[in-house]
Enquirer: 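Structure provided below as C-alpha cells; questions to follow.
The first residue of the sequence shown is numbered 1, and numbering continues consecutively from there.
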Amino acid sequence: MSISKNQTKLINSLRQKKYRQENGLFIAEGIKVVNELLTSNLEVEKIFTTELNAFTTDDSNKIVEITEIELKKISAFKTPNKVLGIFKIPSKQENIGQGLILALDTINDPGNLGTIIRLCDWFGVQQLVCSKDTVDCYNQKVIQSTMGSITRVNIVYTDLKNFLENTELPTFTADMDGKNVYRTELPKEAVLVMGNEANGISNEINNVIQQKLTIPRFGEIQKTESLNVATATAILLSEFKRGISV
C-alpha cells in the first residue's frame, strides 16, 4: 500500500498550528520518538514506515508500508529515519495545582520548549503551565526535541497572569538582580516562571511574582549577559529538587 494524495496533503498541513488544531492531530518522526509515543496513552492515527515489522499497534491497518522515496516526500528531514507517525492530540488537560510547577511566559523557540519538557520529565515536574502565546507543544520540532517526554508531562496553555494570581503556591522567577539561588532555601512546592528568550518575563507577569532568583556568574571576566532559557531552567529545577530525597 502506498501513501495517497489526501494523506500527503494532510501531513503537509499538520506543519501548521491551525491545521493541527482543526484536525486534532500532530506529527512525529524517527524510530525512537514514534516508539515512545506508541507505548504511551496517546492514540495513533496512522504510521507510515519503510520497515513494516519495526512497529506494532492494536490495529495493524493503521500501519502503512511505504518506500524511502515516499517517506522523503512527506518528511521534514533531509534524511528521514524510517518512520513518520500521525497521532491524536489528547483532550485538554487540567491543572494539577500542587507540587513543583514550571510556568513559561512566551517561549518562542520550539527547541527550547522541547528541551524544557524533557527537563520536566527528568526532574519529575509533572505540571507545565504555558502562556497562550508560548509555542505550540505539538509543533513537530518540539515533539522531536522532547524525545517522548511529552507523554509524561501534563501541559496546559492558559492565561498565565490569572493562573499566578490565583495559585496558593509561592511564585519564583529568574532575574539578574534576584537572590543567589545557591544561598536560598527553596520550598518543595512552588511555581517557577521562566520568560521569553530575548525579553525575559513580561511586566504584567513580573508584577505578580513574589520572589526572584539569580544564578551567579563565576567567570572572572563576567561578560556573558545571560544563560539560554533551557540551561537556566535546568539549573533552577536542580536546585529546587536538591534537598528532596529520592
Enquirer: Assigning hydrophobic clusters by single linkage (Ile, Leu, Val, Met, Phe, Trp, Tyr; side-chain heavy-atom cutoff under 4.5 Å), is Met194 placed with Leu169?
Expert: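 Different clusters: Met194 never reaches Leu169 through Ile, Leu, Val, Met, Phe, Trp or Tyr contacts under 4.5 Å.
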Enquirer: Could you tell me whether Asn41 atom CG has more than 12 heavy atoms of other residues or ligands within 6.0 Å of it?
Expert: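 For Asn41, atom CG is not crowded (no more than 12 foreign heavy atoms under 6.0 Å).
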Enquirer: What distance do Gln211 atom CD and Lys179 atom NZ have between them, rounded to the nearest 0.5 Å?
Expert: 5.5 Å
Enquirer: Roughly how far apart are Gln98 CD and Gln126 CD, rounded to 0.5 Å?
Expert: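 So the CD of Gln98 and the CD of Gln126 are separated by 8.5 Å.
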Enquirer: So does Arg15 get a backbone contact from the side chain of Arg20, meaning a donor-acceptor N/O pair under 3.5 Å?
Expert: yes
Enquirer: Working note: Gln7 + Lys46, criterion side chain to side chain contact (heavy atoms under 4.5 Å, CB included); need CA distance, chi angles, decisive distance, verdict.
Expert: CA-CA 10 Å; Gln7 288 170 329; Lys46 214 76 172 177; 3.9 Å; yes
Enquirer: Which atom pair, heavy atoms only, marks the closest approach of Ala174 to Leu236?
Expert: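 Closest approach of Ala174 to Leu236, heavy atoms only: CB-CD1, 3.8 Å.
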Enquirer: Could you pull out the closest heavy-atom pair between Ala230 and Leu119, with the gap in Å?
Expert: O-CD1, 3.4 Å
Enquirer: Let me confirm one number: the CG-CG distance from Leu213 to Asp177, rounded to the nearest 0.5 Å.
Expert: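 Interatomic distance, Leu213 CG to Asp177 CG, rounded to 0.5 Å: 12.5 Å.
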Enquirer: Looking at side-chain heavy atoms only, is the closest gap between Gln144 and Phe77 below 4.5 Å?
Expert: yes
Enquirer: Atom NZ of residue position Lys82 - does it have more than 12 heavy atoms of other residues, nucleotides or ligands inside 6.0 Å?
Expert: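 No, because the 6.0 Å sphere around NZ of Lys82 holds 12 heavy atoms or fewer from other groups.
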Enquirer: Assess the residue pair Glu65 and Phe48 against the criterion (side chain to side chain contact (heavy atoms under 4.5 Å, CB included)); give the C-alpha distance rounded to whole Å, side-chain angles, the decisive distance to 0.1 Å, and a yes or no.
Expert: CA-CA 6 Å; Glu65 186 173 23; Phe48 299 96; over 6 Å; no
Enquirer: Just so I know, are the side chains of Thr146 and Thr151 near enough to count as touching, which here means a heavy-atom distance under 4.5 Å?
Expert: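 The answer is no; the side chains never approach within 4.5 Å.
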Enquirer: Can Leu192 be reached from Val208 by stepping across I, L, V, M, F, W or Y side chains whose heavy atoms are under 4.5 Å apart?
Expert: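 No, it is not one cluster - the side chains of Val208 and Leu192 are not joined through contacts under 4.5 Å.
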Enquirer: Salt bridge or not for Lys73 and Glu70, using N-O below 4.0 Å?
Expert: no
Enquirer: Would you say Val156 ends up clustered with Leu113 if hydrophobic residues are merged whenever their side chains have heavy atoms under 4.5 Å apart, either directly or through other cluster members?
Expert: no
Enquirer: Go through it in stages, so that I can follow the logic: the residues are Ser13 and Leu10, the test is side chain to side chain contact (heavy atoms under 4.5 Å, CB included), and I'd like the CA-CA distance, side-chain angles, deciding distance and then a yes or no.
Expert: CA-CA 5 Å; Ser13 75; Leu10 173 64; 4.0 Å; yes
Enquirer: Going by atom types alone, do Ser131 and Asp133 pair a side-chain donor with an acceptor below 3.5 Å?
Expert: yes
Enquirer: The test is side chain to side chain contact (heavy atoms under 4.5 Å, CB included); show your working for Thr214 and Val181 and say whether it passes.
Expert: CA-CA 6 Å; Thr214 190; Val181 67; over 6 Å; no
Enquirer: Less than 4.5 Å apart, any side-chain heavy atom of Asn139 and any of Lys17?
Expert: no
Enquirer: Side chains of Glu29 and Ser75: donor-acceptor distance under 3.5 Å anywhere?
Expert: yes
Enquirer: Show the atom names and distances, to 0.1 Å, of all donor-acceptor pairs under 3.5 Å that link a side chain in residues 197-204 to residues at least two apart or in another chain.
Expert:
{"from": "Glu197", "atom 1": "OE1", "to": "Asn108", "atom 2": "N", "distance (Å)": "3.1"}
{"from": "Glu197", "atom 1": "OE2", "to": "Asn108", "atom 2": "N", "distance (Å)": "3.2"}
{"from": "Glu197", "atom 1": "OE2", "to": "Asp109", "atom 2": "N", "distance (Å)": "2.9"}
{"from": "Glu197", "atom 1": "OE2", "to": "Asn112", "atom 2": "ND2", "distance (Å)": "3.1"}
{"from": "Ser202", "atom 1": "OG", "to": "Asp105", "atom 2": "OD2", "distance (Å)": "3.2"}

Enquirer: Identify the heavy atoms of Val129 and Asn95 that sit nearest to each other, and give their distance.
Expert: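 Looking at all heavy atoms of both residues, the closest pair is CG2-OD1, 4.0 Å.
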Enquirer: Should Val142 and Asp136 count as side-chain neighbours, where that means a heavy-atom distance under 4.5 Å?
Expert: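 No; the side chains remain at least 4.5 Å from each other.
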Enquirer: Search all heavy atoms of Gly99 against all heavy atoms of Glu189 and return the closest pair with its distance.
Expert: N-OE2, 2.7 Å
Enquirer: If the threshold is 4.0 Å, N to carboxylate O, is there a salt bridge linking Asp121 and Arg152?
Expert: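 Salt bridge between Asp121 and Arg152, a charged N being under 4.0 Å from a carboxylate O: yes.
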Enquirer: Which pairs with one or both residues in residues 135-172 pass ring-ring contact (aromatic ring centres under 6.0 Å, His included), sequence neighbours excluded?
Expert: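 Non-adjacent pairs meeting ring-ring contact (aromatic ring centres under 6.0 Å, His included): Phe26-Tyr138, Phe172-Phe240.
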Enquirer: Once you round to the nearest 0.5 Å, how far does CG of Asn207 lie from CD of Glu165?
Expert: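 If we round to the nearest 0.5 Å, Asn207:CG and Glu165:CD are 10.0 Å apart.
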Enquirer: So, Gln127 and Asn154: side-chain donor and acceptor under 3.5 Å apart, yes or no?
Expert: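 Yes.
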Enquirer: Check whether Thr134 reaches the backbone of Ile107 with its side chain - one donor and one acceptor, N or O, closer than 3.5 Å.
Expert: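 Such a contact is found between Thr134 side chain and Ile107 backbone.
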Enquirer: Can you find a pair of side-chain heavy atoms, one from Val44 and one from Leu37, that are under 4.5 Å apart?
Expert: no
Enquirer: Would a hydrophobic clustering, with Ile, Leu, Val, Met, Phe, Trp and Tyr connected at side-chain separations under 4.5 Å, put Leu128 with Val135?
Expert: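 In one cluster: yes.
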Enquirer: Keeping the roles fixed (side chain from Thr115, backbone from Gly111), state whether a donor-acceptor pair exists under 3.5 Å.
Expert: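 Here the side-chain-to-backbone pair exists.
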Enquirer: Donor-acceptor pair, distance only, cut-off 3.5 Å: does the side chain of Thr231 make one with the backbone of Leu227?
Expert: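 Looks like no, no N/O pair under 3.5 Å.
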Enquirer: If you measure from CD on Glu239 to CZ on Arg183, what distance do you get to the nearest 0.5 Å?
Expert: 12.5 Å
Enquirer: In the single-linkage hydrophobic clustering (I, L, V, M, F, W, Y; side-chain heavy atoms under 4.5 Å), do Ile3 and Ile27 co-cluster?
Expert: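 The answer is yes; both residues are in one hydrophobic cluster.
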Enquirer: State, to 0.1 Å, how close Leu104 and Leu160 come at their nearest heavy-atom pair, and which atoms those are.
Expert: O-CD2, 3.6 Å
Enquirer: Roughly how far, to the nearest 0.5 Å, is the OG1 atom of Thr167 from the CD atom of Gln210?
Expert: 8.5 Å
Enquirer: Within the structure provided, determine whether Ile205 and Leu164 are in side-chain contact (heavy-atom separation under 4.5 Å).
Expert: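 The answer is yes; the side chains approach within 4.5 Å.
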Enquirer: May I ask you to test the Val64-Thr49 pair for a side-chain heavy-atom distance under 4.5 Å?
Expert: no
Enquirer: Answer yes if the side chains of Asn206 and Lys212 hold a donor-acceptor pair under 3.5 Å, and no otherwise.
Expert: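 Checked: Asn206/Lys212 side chains pair up, N/O donor to acceptor below 3.5 Å.
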Enquirer: Residues two or more places apart in sequence or in another chain: which of them pass side-chain contact (heavy atoms from CB on, under 4.5 Å) with Lys72?
Expert: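 So Lys72 forms a side-chain contact (heavy atoms from CB on, under 4.5 Å) with Pro80.
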Enquirer: Can you give me the closest heavy-atom contact between Ala28 and Ile143, atom names plus distance?
Expert: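 Closest approach of Ala28 to Ile143: CB-CG2, 3.8 Å.
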Enquirer: Do Lys241 and Leu100 have side chains that get closer than 4.5 Å, going by heavy atoms?
Expert: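 When only atoms from C-beta onward are counted, Leu100 and Lys241 do touch, with a gap below 4.5 Å.
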